[in-house]
Protein chains: 2
Amino acid sequence: MAYRETPKTQARKADTKAKILDAARQIIALKGFSGLTVATAAKQAGVATGSMYRYFPNKIELCTALFRQLSGREVDEMRAIAKLDLSPAQALARCCFNFTQRAFRAPVQSYALMAEPLDPALEMERLVYRRAYADVYQSIIERGIEAGDFEELDSHTASLAVVGMLAEPLLAPLHQFYCGESAPYDSRKLALSISRLCLNSLGAKDQLQDKDFNEQFNEYA
Amino acid sequence: MAYRETPKTQARKADTKAKILDAARQIIALKGFSGLTVATAAKQAGVATGSMYRYFPNKIELCTALFRQLSGREVDEMRAIAKLDLSPAQALARCCFNFTQRAFRAPVQSYALMAEPLDPALEMERLVYRRAYADVYQSIIERGIEAGDFEELDSHTASLAVVGMLAEPLLAPLHQFYCGESAPYDSRKLALSISRLCLNSLGAKDQLQDKDFNEQFNEYA
DNA sequence: CCAAGCTGTGAATCGTGATTCACTTTATGT
DNA sequence: ACATAAAGTGAATCACGATTCACAGCTTGG
């Protein structure tokens with residue numbers, strides 16, 4: 001026996017794996033998952049088709065890894081906001097603005113994660129991440145209810161409703177990008193409307209003043 | 001020349017077309033679009049695979065026709081509610097209850113229409129019908145704003161948010177049905193929570209009394 | 001009854017893309 | 001340098017369903 005794994009080969013292996021994932025991400029960002037074939041991803045990553053299978057057992061696993069990586073980042077972003085020292089209403093408003101802003105920064109990728117038709121296995125992942133978003137919102141909502149800032153309501157359903165409220169209005173414009181018909185779109189106004197609707201839905205009347213919204217609105221780059 | 005179409009042959013043709021659509025619908029209702037192949041639909045309809053192509057130029061057109069038929073019914077249901085002589089708040093609440101109730105009556109079919117991964121051409125149709133739902137809600141919302149029952153807000157975004165609020169909380173349970181893991185679920189409570197959230201989001205505080213909600217809640221079969 | 005033109009059939013064909021595999025190249029430890 | 005085990009390759013294979021097509025059975029007006 002003579003060959004053994006070394007830190008060096010392990011590092012190279014991890015590197016290539018990351019390179020493949022990044023290549024796949026670039027494709028997603030441009031064409032969505034529908035444009036991602038093993039062959040194109042291989043070419044983009046600069047490896048042969050067959051090599052892909054040294055790093056991922058099959059295409060689904062590759063896609064799943066990518067999906068988790070990208071969705072994970074987004075959810076983490078929301079988690080980070082939830083951890084800031086903000087009132088529940090402020091936290092939620094900021095989530096609305098950030099989510100919208102980030103979606104429009106990488107519209108095709110966002111569409112791919114949020115709504116593009118996917119393999120059933122990935123659809124399952126999508127549900128998991130929706131639930132993860134909802135968990136973040138639910139914790140904020142419960143904090144708000146305890147503080148008396150929000151109405152007493154079913155925080156579980158409310159959190160899912162927030163997920164829906166946030167995603168649905170973005171879908172049509174994001175789909176445009178996905179189809180390559182990018183029209184200019186005032187996503188800032190959209191975020192403003194959505195944040196109002198979200199807070200209203202929780203009965204957060206008077207929790208945020210116009211100035212709070214305006215602050216978010218103006219920070220929105 | 002000797003052959004010509006007659007009312008009789010036209011009727012037979014229409015009949016078979018309807019039979020095929022209904023066969024497809026049955027499959028959707030059981031397995032979703034992913035279970036719908038030209039071959040299985042043909043067998044279910046009692047015709048040969050090749051015959052399918054006498055009635056629909058290709059699978060996409062068949063699916064599109066089916067999708068339109070089923071989604072059309074659902075949207076019509078909402079339109080009918082919008083036309084009743086109800087206050088905007090009552091109309092919206094009723095939409096929430098009806099939508100939820102109908103979704104759970106045919107859970108797999110509803111999941112298929114609302115969220116199952118589909119061919120891009122069908123995904124386009126889905127967007128169209130989401131917009132159609134939103135149009136109905138928007139008309140109600142605008143009525144509510146004019147009447148001073150709802151807050152002044154962007155009715156376009158609000159209508160989309162309502163679509164999202166209504167759909168998202170149903171998704172996880174409906175997906176369970178789609179996966180064949182049907183767990184018992186109290187959809188009535190869900191409808192109640194959702195209707196509260198919807199009305200809240202529009203700033204419809206005090207538009208509906210508890211008794212209004214209870215009425216819907218109790219009518220829910 | 002006949003010719004013309006539908007409608008019905010289902011096995012064979014086709015297209016798409018994932019996956020495999022026999023072979024080459026590279027890395028490792030003795 | 002050598003034997004061994006991975007990693008790299010890309011053309012060939014495979015799987016899955018939609019679609020086609022050559023032929024058979026009906027309908028119709030003349």
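Just so you know, these numbers use all the heavy atoms, side chains as well, and skip hydrogens, waters and symmetry mates. Each chain gets a letter, A, B and so on, in the order its sequence line appears, and its residues count up from 1.
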| Just checking, is any N or O donor in the side chain of A:Ser155 or A:Tyr137 under 3.5 Å from an acceptor N or O on the other one? | no
| field | A:Thr64 versus A:Glu125, side-chain donor and acceptor atoms under 3.5 Å | value | no
| query | Relative to the 5' end of DNA chain D, which residue comes earlier, B:Glu5 or A:Tyr55, by the nucleotide with the nearest heavy atom? | reply | A:Tyr55
| note | Assign each of B:Lys8 and A:Val47 the nucleotide of DNA chain D bearing its closest heavy atom; nearer the 5' end lies the nucleotide of A:Val47
| For nucleotides 13-22 of chain D, read 5' to 3', which letter fits each nucleotide if B means a protein heavy atom sits under 4.0 Å from the base, S means only the sugar-phosphate is that close, and - means neither? | -----SBB-B
| request: Indicate, with a heavy-atom threshold strictly under 4.0 Å, whether B:Phe56 touches base, sugar-phosphate, or nothing. | output: nothing
For [X] and [N], what is the distance between atoms [atom1] and [atom2] respectively, to the nearest whole Å?
| X | N | atom1 | atom2 | answer |
| --- | --- | --- | --- | --- |
| A:Arg4 | D:dA5 | CZ | P | 10 Å |
| A:Leu62 | C:dT19 | CG | C1' | 14 Å |
| B:Tyr3 | C:dG5 | OH | P | 12 Å |
| A:Asp119 | C:dA18 | CG | P | 11 Å |
| A:Met52 | D:dA6 | CE | C1' | 18 Å |
| A:Lys43 | C:dG17 | NZ | P | 14 Å |

| request: For side-chain contact (heavy atoms from CB on, under 4.5 Å), just list the numbers for B:Glu74 and B:Tyr133, CA-CA rounded to whole Å, side-chain angles, deciding distance to a tenth of an Å, and then say yes or no. | output: CA-CA 9 Å; B:Glu74 299 303 315; B:Tyr133 276 113; 2.9 Å; yes
| field | Ion pair A:Asp76/A:Arg79, N-O distance below 4.0 Å | value | yes
| Hey, is A:Asp15 close enough to A:Arg12 for a salt bridge, meaning N to O under 4.0 Å? | no
Show every donor-acceptor pair shorter than 3.5 Å between a side-chain atom in residues 38-55 of chain A and any protein atom, with sequence neighbours excluded, or say none if there are none.
| unit_1 | atom_1 | unit_2 | atom_2 | d |
| --- | --- | --- | --- | --- |
| A:Thr40 | OG1 | A:Thr37 | N | 3.1 |
| A:Thr40 | OG1 | A:Thr37 | O | 3.0 |
| A:Thr40 | OG1 | A:Thr37 | OG1 | 3.1 |

| Within residues 9-22 of chain A, residues whose heavy atoms come under 4.0 Å of DNA chain C | A:Thr9, A:Arg12
